[in-house]
Structure formats: structure tokens, C-alpha cells
K.L.:
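Here it is, the structure, as C-alpha cells.
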2 protein chains.
Amino acid sequence: MRQFRHPSVSELQVASVLYALSDPVRLSIVRQLAREGEATCAALDGGRPKSSMSHHFRVLRESGIVHTRNDGTSHMNTLRRDDLDSAFPGLLGAILSVPR
Amino acid sequence: MRQFRHPSVSELQVASVLYALSDPVRLSIVRQLAREGEATCAALDGGRPKSSMSHHFRVLRESGIVHTRNDGTSHMNTLRRDDLDSAFPGLLGAILSVPR
DNA sequence: TTGATAGTTCGATAATATTCGAACAATAGC
DNA sequence: GCTATTGTTCGAATATTATCGAACTATCAA
């Protein structure tokens, strides 16, 4: 599969990040990635169709929250913690520390 | 005019707050309120129609970000800083400290 | 009571997002 | 090569949101 474009730190926009995280499905993906470090798309689908998940991963990727790398036929996703912290210090931590 | 309902701290939901703040118009309203303490709706309209602004203030109010009180014929809006800090420590600060 | 002011609510339209099946692409293993 | 697996892309249906004019409500002041 082809490579994805990941926005650079200087391209990150807080409104896009907030928007991406305002969806329950995506917020849940991000919480799991924060806990587990990295995961494939399939590991986080919660029973949803692949095409729906692919959409959500795209939003997370294009807003700069998640990095996706190819690993055989699967895609490994990780949180871009350092990049987010450098662009928006404290933001991700504040969101992730909310219970639930 | 009638009184508005403001959600209590325990009712606040991080996804709703993030959603409300992901809109450029609303984010700009919140930034100005943070700087200026309080303001009427008209003072923050930036030339937009009243009905559009009323919509945005409603979203901010219903997500618990803004408190609106009646003051004669106008509405005074304030940021619910303490409430937000108590529900989501550090979140508002992280967002407001982003330049621009 | 009349008029002006501030903002809400309604209703319609336009723009965006979400959802998901179906078709497709890339890789791994046999 | 064939086949299974993983995930993307496309397309269409649905749902949600934003925008804004028009009508309305409440308050104040003359």
C-alpha cells in the first residue's frame, strides 16, 4: 500500500486537532493508542466496518494526531505524542487524563 | 428574555467541549473572552449576522464553556474557567496558550 | 405607548461528515 | 501463480452543522 502524508509539526492546527478528537470513536482510538503504544487498525475497530475505521484513521492522520506506518499487510498506528506536545503543550495530556 | 440552562460541572463532556472549540468562530470568541473577561454577543460578532452568532453562543453555552447572564437587553458572556478547569484540568489553558 | 436596541427562535438552504458496502491494492505464504 | 489478510478508495445514502433572513421577545428610555 502506498505511503501516507503526515503533516509536519509546523502545519498542525489546533482547531483540526480538537475537531478530530471530538468524535467518540476517534477519541476512543486515541485513548487506546495512548495505553497500548501502537496498534493496527483492525485491533481498534470495535466491530465497525473497515471502511468506517479507515475514515477515522484518516482524520486522525491528517490532523497530525496519529502516525501510520506500513508493516506487511497491516498498518501500525502510533500517537504523535512528542509532535503534539511540541505544537500544543499540555493539550493531549489534559484530554487523556479525563476519566472514562 | 428567558434564562438559559447551563450544564453543571458533572454534566460536562470532553467530546462536546472539544467539538465546540473546533470551530474557528467559536475558538475566536473564547479567546476574546479569555482576554477581556466578559463581553456581550454584539461585541464579538466580527460583522456576522446576529442569528449566526446566537447559534455559536448556544453551542458554547450548551457544552459548558460559556456562561450567559442577562443584563438589561444585552447578554453578558463569561468563560466558565473554574468549572472547565475542575472538569478538565489544563485543557482550556493548553488551548488558550496556542498562539494566534 | 412608541421606538430603539439586543438577542433568540424559526425555517430553509447549503455545506460537511458519517456510515458502510463493494471494488481495489499491496503484501505474505503456499 | 493463487489465495487469504489488511486496509484503502469510491460512491451513495444519511445525518449533522453552519449560515442567514425574517419574525419574534424582552428591556430600556423618552
Side-chain angles (χ1 to χ4, degrees), chain A residues 1-7 13-30 32-33 36 38-79, chain B residues 1-7 13-30 32-33 36 38-79:
Chain A
M1 289 169 185
R2 68 179 180 69
Q3 214 70 339
F4 295 111
R5 219 196 121 254
H6 293 90
Q13 288 183 315
V14 71
S16 307
V17 169
L18 297 178
Y19 177 75
L21 294 175
S22 73
D23 180 272
V25 176
R26 292 191 291 263
L27 189 51
S28 151
I29 291 174
V30 167
Q32 292 195 59
L33 285 179
E36 299 165 21
E38 62 176 10
T40 62
C41 300
L44 302 177
D45 66 6
R48 262 167 272 268
K50 300 189 294 178
S51 53
S52 298
M53 293 310 286
S54 194
H55 163 72
H56 288 303
F57 275 106
R58 176 135 93 119
V59 175
L60 289 171
R61 212 158 41 225
E62 293 184 345
S63 63
I65 296 171
V66 154
H67 183 271
T68 307
R69 78 180 150 77
N70 291 358
D71 177 26
T73 64
S74 44
H75 286 179
M76 264 308 184
N77 299 284
T78 50
L79 260 185
Chain B
M1 290 169 187
R2 68 183 180 70
Q3 215 71 340
F4 296 111
R5 218 194 123 255
H6 294 90
Q13 288 182 314
V14 70
S16 308
V17 169
L18 297 178
Y19 177 75
L21 293 176
S22 73
D23 179 273
V25 175
R26 291 191 292 263
L27 189 52
S28 150
I29 290 174
V30 167
Q32 292 194 58
L33 285 179
E36 299 165 21
E38 62 176 10
T40 62
C41 300
L44 302 176
D45 66 7
R48 264 168 272 266
K50 300 190 296 180
S51 53
S52 298
M53 293 311 287
S54 194
H55 164 70
H56 287 303
F57 276 105
R58 176 135 92 121
V59 174
L60 289 171
R61 213 158 40 224
E62 293 183 346
S63 63
I65 297 171
V66 154
H67 182 272
T68 307
R69 78 178 151 77
N70 291 358
D71 178 26
T73 63
S74 44
H75 287 179
M76 265 309 185
N77 299 285
T78 51
L79 261 185

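All chains are named by letter (A, B, ...) in the order of the sequence lines, taking the proteins before the strands, and each is independently numbered beginning at 1. Basis for what follows: all heavy atoms, side chains included, without hydrogens, waters or symmetry-related copies.
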K.L.:
Could you tell me how far apart B:R69 (CZ) and C:dG7 (C1') are, to the nearest whole angstrom?
P.N.:
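One finds 15 Å between C1' of C:dG7 and CZ of B:R69, rounded.
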
K.L.:
The side chain of B:C41 is closest to which nucleotide in this list: C:dC20, C:dG7, C:dT18?
P.N.:
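Side chain of B:C41 sits closest to C:dG7.
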
K.L.:
Report the distance from atom CZ of B:R48 to atom C1' of D:dC20, rounded to the nearest whole Å.
P.N.:
12 Å

K.L.:
Where the side chain of A:R26 is defined as all heavy atoms beyond and including C-beta, which of D:dT8, C:dT18, C:dT8 is the nearest nucleotide?
P.N.:
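Between D:dT8, C:dT18, C:dT8, the one nearest the side chain of A:R26 would be C:dT18.
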
K.L.:
If you count every heavy atom of other residues, nucleotides or ligands that lies below 6.0 Å from A:Q32 atom CD, does the total exceed 12?
P.N.:
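Buried by this count: over 12 neighbours within 6.0 Å.
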
K.L.:
Surrounding CD of A:E38 (heavy atoms of other residues, nucleotides or ligands, distance under 6.0 Å), is the total greater than 12?
P.N.:
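Yes, the 6.0 Å shell around CD holds more than 12 heavy atoms from other groups.
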
K.L.:
Write down the distance between CZ (B:F57) and C1' (C:dA6), rounded to a whole number of angstrom.
P.N.:
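That distance rounds to 12 Å.
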
K.L.:
The side chain of A:H75 lies closest to which of these nucleotides: C:dG21, D:dG7, C:dT18?
P.N.:
D:dG7

K.L.:
Quick one: label A:H55 by what it contacts on the DNA or RNA (base, sugar-phosphate, nothing), any heavy atom closer than 4.0 Å.
P.N.:
base

K.L.:
Of the options D:dA18, C:dT8, D:dT9, whose atoms approach the side-chain atoms of A:S54 most closely?
P.N.:
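Of the options given, the side chain of A:S54 lies nearest D:dT9.
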
K.L.:
If you assign each of B:V25 and A:T68 to its closest nucleotide in DNA chain D, which residue comes earlier from the 5' end?
P.N.:
A:T68

K.L.:
Can you find a side chain N or O atom of B:R58 that sits less than 4.0 Å from OP1 or OP2 on C:dG7?
P.N.:
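So the side-chain polar atoms of B:R58 never come under 4.0 Å of the phosphate oxygens OP1 or OP2 of C:dG7.
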
K.L.:
Given 3.5 Å as the limit, does a donor-acceptor pair link the side chain of B:S63 with the main chain of B:V59, or not?
P.N.:
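Yes; at least one donor-acceptor contact below 3.5 Å.
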
K.L.:
Can the ring centres of B:F57 and B:H75 be said to be less than 6.0 Å apart?
P.N.:
no

K.L.:
Would you find a donor on one side and an acceptor on the other, under 3.5 Å apart, between the side chain of B:R48 and the backbone of B:M53?
P.N.:
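No: the side chain of B:R48 does not pair with the backbone of B:M53.
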
K.L.:
Looking at A:T73 and D:dG7, is any side-chain donor or acceptor paired with a base atom of the opposite kind under 3.5 Å?
P.N.:
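Result: no qualifying N/O pair found.
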
K.L.:
Let me know the distance between OH of A:Y19 and P of C:dA15, rounded to the nearest Å.
P.N.:
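The answer, rounded to whole Å, is 17 Å.
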
K.L.:
Can you tell me how far C1' of D:dT8 sits from NE2 of A:H56, to the nearest Å?
P.N.:
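Atom NE2 in A:H56 sits about 15 Å away from atom C1' in D:dT8.
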
K.L.:
Among C:dC20, C:dT9, C:dT8, which is the nearest nucleotide to the side chain of B:S51?
P.N.:
C:dT9

K.L.:
To the nearest Å, how far apart are A:D45 CG and D:dT6 C1'?
P.N.:
11 Å

K.L.:
In whole Å, I'd like the distance from the CZ atom of B:R61 to the C1' atom of C:dT9.
P.N.:
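Answer to the nearest Å: 12 Å.
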
K.L.:
Contact class for B:S74 vs. all strands (heavy atom < 4.0 Å): base, sugar-phosphate, or nothing?
P.N.:
sugar-phosphate

K.L.:
Quickly work out the A:M76 CE to C:dA26 P distance and round it to whole Å.
P.N.:
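Rounded to the whole Å, the gap is 21 Å.
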
